[in-house]
A.B. asks: 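Submitted below is the structure of interest, expressed as structure tokens.
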Amino acid sequence: MVSRLVRTYLRPHLGRLIAAIACMVVAAGTTAAFTQLMKPIIQEIFVNKNPAMLWPIAFMTLLVFLARGLASYGQAVLMSHIGLAIMARIQTEMFHRLMHTELGFFNSNSPGQLVSRFVNDVQMMRNSVAETLTGLGKHALTLVALVGVMFYEDWLLATVAFIAFPTAVLPIVRIGKKMRKVSGRTQQHLGDLTTTLDEAFQGMRSVKAYGMEERETERAESSIGRVFKLMLKAARVQNVLTPVMEVLGGLAIVAVLIYGGNQVISGEKQAGAFFAFITALLLAYEPLKRLAKLNNQLQRGLAAAQRVFSLIDRQPTLQERPDARPLRLTAGEVELDDVSFRYANTEEKALHGVRLRAPAGKTCALVGASGAGKSTVFNLIPRFYDVEDGAVRIDGQDVRDLTVASLRSQLAVVSQEVMLFDATVRENIAYGRPDASERDVVQAAEASGAADFIAALPDGYDTHVGPRGARLSGGQRQRVAIARAMLKDAPILLLDEATSALDTESERKVQNALATLMRGRTAIVIAHRLSTVRDAEVIYVLDKGRVVESGDHNELLAKRGAYARLYAMQFATDGSSGAGGAAAETAADETAADETAEQESDPAAAPTNKTASA
Ligand SMILES: Nc1ncnc2c1ncn2[C@@H]1O[C@H](COP(=O)(O)OP(=O)(O)OP(=O)(O)O)[C@@H](O)[C@H]1O
């Protein structure tokens with residue numbers, strides 16, 4: 001991992017790194033030079049009391065410190081540049097990888113965990129890279145220079161001073177290992193914390209509606225507590241070295257004082273030389289301590305790097321074939337041929353041998369109870385997931401043989417869960433076609449019945465819709481989403497009809513917009529409206545992942561089977577509120593009527609009670 005960091009990420013900054021090292025050499029040199037200044041300071045000023053030397057020594061000292069200041073500045077800025085550039089590159093690579101990762105991955109990796117890797121882990125890596133390089137450069141160089149001075153001054157005294165330091169190596173290595181483990185766990189818990197926060201903030205409406213503020217606070221508190229404990233543990237582990245190094249430092253000074261002091265007293269050594277030595281020893285102590293702790297920092301960085309690289313290196317399980325061809329759309333017929341499918345980590349198949357044909361340019365409706373597999377069918381057509389058995393074909397071409405871009409460019413998806421981005425209305429409409437002209441955008445808005453409300457917004461098409469489109473109403477959001485699909489002008493439409501609580505007026509507008517959108521296109525619709533099922537060329541009734549019936553509305557009603565029952569339950573209200581007594585035709589079926597009553601008394605079990613699942 002270290003060699004990868006060096007080869008891939010550090011190499012492009014070689015020039016800057018060399019300049020930084022040059023600065024470090026200067027900084028280390030000036031530190032050593034200062035110890036040499038101690039000799040004339042003590043000897044000439046304090047012992048010989050020579051006034052002629054005062055100004056030159058003072059000037060030299062100033063020069064040394066000036067050089068040290070400039071070199072340290074240069075080094076710090078250059079190292080920050082390298083660290084930040086590496087961080088930005090890793091973040092970009094990570095994002096790029098995630099953009100091309102299959103959808104299933106996001107079912108098991110929460111946004112919070114992923115955000116945490118972007119922020120916390122990458123930050124940890126950056127600190128580690130910067131500290132390690134600075135440590136190895138500046139501190140090691142300074143140490144070498146100072147130790148050099150000490151050996152030059154008196155090699156015997158230097159040996160006495162450093163004799164005990166190698167004993168610190170063993171604890172350094174052991175503590176480093178422990179640090180890596182603790183740090184890895186801390187990063188994991190930081191990810192959990194981000195998830196908790198993300199869920200609470202995203203779900204603020206539900207939190208408040210259910211009065212769960214206290215419960216969420218407790219959840220956050222316990223998550224914060226876990227991170228706190230681990231960080232405390234890390235701090236304890238990391239600082240175990242401090243007493244070890246202090247004791248060793250104390251021993252060195254005492255040994256030098258006794259041995260060197262004796263030499264000064266007996267007149268063997270000059271006071272100036274002794275002070276130069278002691279200064280070097282004292283100055284060496286700081287970089288030595290830093291170097292001892294460097295391994296900890298390195299291990300923390302490596303723990304973070306492991307998490308980051310595991311994401312960057314992950315191969316998407318759903319990939320384009322090397323010989324993939326672009327989709328050649330002729331009519332726009334969609335077919336599921338004996339398709340079986342199972343979501344990762346589930347026992348039960350979501351689809352069993354589903355055969356389904358959506359005729360070109362016509363509407364095909366999917367109906368069925370909640371969990372029957374309707375959204376799963378939708379997931380397979382744009383190849384968000386691959387089938388386990390069978391095949392999904394568009395105009396006879398297996399979607400697995402096609403380039404993903406060509407496949408998805410021919411599909412427009414309008415789901416219940418409308419996703420608007422925190423941008424202007426215009427940008428949201430043009431989301432699938434950023435190069436669309438103003439005229440196209442306005443036309444799409446007009447066709448989807450969104451133009452009127454957009455005109456009434458404070459800045460018209462330039463109005464910002466807020467996070468997830470929060471500043472628009474539910475119906476407005478849906479019409480913007482329909483305009484988006486309209487602008488994309490794809491020949492095949494996957495439409496999850498909304499049942500969300502829209503008032504009759506908005507509902508009618510959305511419905512009109514959808515009718516316009518569907519005209520002339522192959523539309524596969526998860527149907528919740530009477531008008532849709534009645535006008536559909538073919539209706540497929542799904543139950544527990546199987547197609548149990550198919551045909552047009554009248555054929556299916558005549559069968560008096562699953563559809564007739566569902567119809568009575570699901571579309572009864574729609575029928576009675578103006579759809580022309582169609583519901584009455586079948587509601588006469590006693591079983592159906594009974595079931596309707598049951599469903600009404602238990603809303604949680606009603607098939608129309610949808611929870612967003614796509
Ligand atoms: N991402 C997923 N991971 C695991 N299982 C899933 C996933 N999505 C759906 N399922 C399961 O697959 C089955 C079919 O679900 P699907 O969402 O296709 O039903 P649906 O007919 O669209 O339901 P609804 O009308 O409630 O949206 C269900 O049993 C569901 O629990």
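Counting convention: from 1, in listed order, for ligands and their atoms alike.
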A.B. asks: I'd like to check which ligand 1 atoms, numbered from 1 as shown, lie under 4.0 Å from a non-hydrogen atom of S370.
C.D. replies: 23 (O), 24 (P), 25 (O), 26 (O)
A.B. asks: Please determine whether any non-hydrogen atom of G373 lies less than 4.0 Å from an atom of ligand 1.
C.D. replies: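 So G373 counts as touching ligand 1.
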A.B. asks: Taking the basic N atoms (NZ, or NE/NH1/NH2) and the acidic carboxylate oxygens, is any pair closer than 4.0 Å for R342 and E388?
C.D. replies: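 The answer is yes: the pair qualifies as a salt bridge.
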A.B. asks: Side chain or backbone, does A344 bring an N or O within less than 3.5 Å of an N or O on ligand 1?
C.D. replies: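 N/O-N/O distance below 3.5 Å does not exist for this pair.
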A.B. asks: For the 3.5 Å polar cut-off, considering only N or O atoms, please tell me whether A350 and ligand 1 meet it.
C.D. replies: no
A.B. asks: So is there a nitrogen or oxygen of T346 less than 3.5 Å from a nitrogen or oxygen in ligand 1?
C.D. replies: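 No.
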A.B. asks: Would you call R321-D323 a salt bridge at under 4.0 Å N-O?
C.D. replies: no
A.B. asks: Can you tell if the side chain of V377 reaches within under 4.5 Å of the side chain of L351, non-hydrogen atoms only?
C.D. replies: yes
A.B. asks: Which atoms from ligand 1 have a heavy atom of T376 less than 4.0 Å away?
C.D. replies: 14 (C), 15 (O), 16 (P), 18 (O)
A.B. asks: For a 4.5 angstrom cut-off between non-hydrogen side-chain atoms, does L114 reach F106?
C.D. replies: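 SC-SC contact between L114 and F106 confirmed.
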A.B. asks: Does the side chain of E335 reach to within under 4.5 Å of the side chain of V392, using non-hydrogen atoms?
C.D. replies: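 Not touching, per the 4.5 Å side-chain cut-off.
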A.B. asks: Does A369 approach ligand 1 within less than 4.0 angstrom via side chain, backbone, both or neither, non-hydrogen atoms only?
C.D. replies: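 The backbone, only.
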A.B. asks: Nearest 0.5 Å please: distance from the CG atom of D552 over to the CZ atom of R534.
C.D. replies: 12.0 Å
